[in-house]
Q: 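I have a structure I would like to understand better, so I am pasting it below and will then ask my questions one at a time.
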There are 2 protein chains.
Amino acid sequence: MDFFQEQAVTSSDKAFFRLRKEIVEGVIPSSTKLSETELSTKYQVSRAVVREAINRLEACNIVERKANVGARVVSLSPEGLIELYQVRESLEGMAARLAAQHMTAQEITELNALLNSQSDEVKNAELYYQEAGDLDFHYRIILGSKNSHLISMLVNGLYHLVRMYRVQLGMAGPRVTSAFDEHKHIVQAISNRDPELAEMLMRRHITYSKNNIEAKLQNSL
Amino acid sequence: MDFFQEQAVTSSDKAFFRLRKEIVEGVIPSSTKLSETELSTKYQVSRAVVREAINRLEACNIVERKANVGARVVSLSPEGLIELYQVRESLEGMAARLAAQHMTAQEITELNALLNSQSDEVKNAELYYQEAGDLDFHYRIILGSKNSHLISMLVNGLYHLVRMYRVQLGMAGPRVTSAFDEHKHIVQAISNRDPELAEMLMRRHITYSKNNIEAKLQNSL
DNA sequence: ATAAACAAGATTGTCGACAATCTTGCGGTG
DNA sequence: CACCGCAAGATTGTCGACAATCTTGTTTAT
């Protein structure tokens with residue numbers, strides 16, 4: 001299930017994962033100032049490891065830092081979410097294109113199997129699908145691109161930010177069955193080794209999600 | 001000329017910029033092991049600032065690091081360069097699309113002016129163009145997208161890697177006049193506020209570059 | 001009363017030392 | 001002779017203390 005369960009080897013790793021989790025899940029609210037000394041006492045580690053963790057969070061665009069002033073959690077805005085989805089559309093579209101070229105026959109078979117198992121869940125209205133299943137689908141295609149830069153940008157960077165928005169703005173929306181059909185068509189294009197179509201369908205799929213979210217944001221104003 | 005001349009405020013900044021420069025320009029060859037103690041004596045700073053600099057280089061994908069083992073400069077490969085250009089095609093294509101929507105009238109005017117001034121240079125065969133002028137053009141469009149994630153990924157990340165490849169594999173190739181015409185058409189699409197076409201032309205432009213580079217790599221084998 | 005200048009406090013940046021881990025070469029054992 | 005284990009050396013990871021910078025509240029001069 002969890003593809004890349006990144007495992008912590010050093011203290012900084014642990015601090016980084018913990019901090020990221022707390023920020024993404026809103027335990028530490030957005031726009032909060034991150035005090036190095038405060039966190040080091042809270043986590044029972046030295047300031048150096050907290051510092052390194054914060055630096056890594058900055059590289060993920062989860063916190064912003066000013067020299068001699070400090071770091072604070074990024075503030076979420078509707079515009080920021082739109083920007084995020086524009087980048088997603090671009091990168092995941094390319095991922096789908098490359099996946100159609102580079103995925104192995106076995107990987108494609110497994111992807112189809114995943115979709116079939118999810119098909120039952122969708123019929124039975126187990127909306128377990130939305131969170132984990134959607135992620136699983138997108139991850140497989142990203143990894144299937146076999147492009148390490150693409151993978152790194154999406155998996156280590158964007159996806160945590162997207163999740164942060166999802167959690168904190170309460171976007172666990174529906175769009176389940178329609179999204180599922182879109183997934184099916186994307187896999188079909190990949191199975192047919194049709195890069196052009198795969199990219200186009202993936203871009204549309206993400207654009208639809210973006211529009212759906214924009215509509216929700218409108219309503220909540 | 002230099003758009004974002006990032007200015008160093010802390011010692012770590014200086015160490016980071018210096019290290020990046022030396023790596024990109026090949027003074028420190030690719031695949032070199034980076035010893036923290038060695039660099040700290042060489043740069044006359046503490047190990048902590050070297051450490052932080054190396055961490056930042058890791059975030060840029062310029063060095064790879066293993067826990068408890070150390071960091072080494074990434075190794076360049078033809079496949080790596082291709083992957084880089086695939087990501088560039090994706091991101092800069094989106095940048096051109098967004099630039100067509102979001103650039104101000106003044107920015108577009110300035111972009112046209114830049115092209116006109118370069119037009120003379122191309123005619124006079126001052127191939128000053130290739131390096132700085134090409135960069136200038138692409139940077140303006142990236143910044144014109146007004147998408148901070150896109151800008152950050154390209155300016156802080158990919159472009160230094162691309163330059164590293166260019167310098168070390170000796171890719172100061174021609175393709176001057178034809179690339180210039182492609183630039184002209186892209187700007188025209190942006191002037192017409194045609195996002196679709198701007199993206200398509202930018203993607204083609206980068207694909208051509210990629211093909212050109214691939215051909216050179218073939219020859220040098 | 002407003003604004004500039006200063007001082008006290010707190011926070012980040014940098015440093016050198018110690019602890020934990022990995023690498024390397026030697027010696028023992030099958 | 002090959003392989004495993006172990007010890008010495010070197011390298012990275014972590015720590016607490018000091019230095020440099022920013023923030024804040026008060027004072028002072030216009």
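Proteins get letters first, then strands, A, B, ... in listed order; numbering begins at 1 in each. Computed from a prediction, not measured in an experiment: that's the story for all the values here.
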Q: D/dG13 P sits how many Å from A/R56 CZ, rounded?
A: 10 Å
Q: So does B/S12 get a side-chain nitrogen or oxygen closer than 4.0 Å to the phosphate oxygens (OP1/OP2) of C/dG13?
A: no
Q: If I compare all heavy atoms of B/N147 with all of A/E83, which pair ends up nearest, and what's the gap?
A: ND2-O, 3.1 Å
Q: What is the distance, to the nearest angstrom, from the CZ atom on B/F16 to the C1' atom on C/dT14?
A: 19 Å
Q: Need to verify one output field. Residue with the more 5' nearest nucleotide on DNA chain D, A/N68 or B/R51?
A: B/R51
Q: Measure the distance from OH on B/Y43 to P on C/dT14 and round it to the nearest whole Å.
A: 15 Å
Q: Between A/T37 and C/dA10, is there a contact of a side-chain N or O with OP1 or OP2 at under 4.0 Å?
A: no
Q: For D/dT12 and A/T10 - does any side-chain N or O of the residue sit under 4.0 Å from the phosphate oxygens OP1/OP2?
A: no
Q: Please round to the nearest 0.5 Å and tell me the distance separating atom CD1 of A/I141 and atom CE of A/M103.
A: 6.5 Å
Q: Take atom CD of A/E36 and atom C1' of D/dC22, then tell me their distance rounded to the nearest Å.
A: 14 Å
Q: If you check the A/V69 side chain, which of C/dC15, D/dT23, D/dT12 turns out closest?
A: D/dT23
Q: Whole-Å distance between D/dG13 P and A/D13 CG?
A: 9 Å
Q: Starting at CG of B/N55 and ending at P of D/dT14, how long is that distance when rounded to a whole Å?
A: 11 Å
Q: B/R65 has an atom CZ; how far is it from atom P of D/dT11, in whole Å?
A: 15 Å
Q: Specify the separation, in whole Å, of atom NZ of B/K33 and atom P of C/dC22.
A: 13 Å
Q: How are the rings of A/H138 and A/H205 set relative to one another: parallel (under 30°), tilted (30 to 60°) or perpendicular (over 60°)?
A: parallel
Q: Counting heavy atoms from C-beta on, name the nucleotide in C/dC22, D/dC15, D/dT12 closest to the side chain of A/S46.
A: D/dC15
Q: Select base, sugar-phosphate, or nothing to describe what A/L34 touches, counting heavy atoms under 4.0 Å on all strands.
A: sugar-phosphate
Q: Pairing donors with acceptors under 3.5 angstrom, does anything connect the side chains of B/S90 and A/S90?
A: yes
Q: Which nucleotide wins on minimum distance to the side chain of A/A67, given the candidates C/dG13, D/dT14, D/dT12?
A: C/dG13
Q: Do A/N61 and A/H160 meet the criterion of a side-chain donor-acceptor pair at a distance under 3.5 Å?
A: no
Q: Among the candidates D/dG13, C/dT12, D/dT14, find the nucleotide nearest to the side-chain atoms of B/R47.
A: D/dG13
Q: Closer than 4.0 Å, any side-chain N/O of B/S11 to the OP1 or OP2 of C/dT14?
A: yes
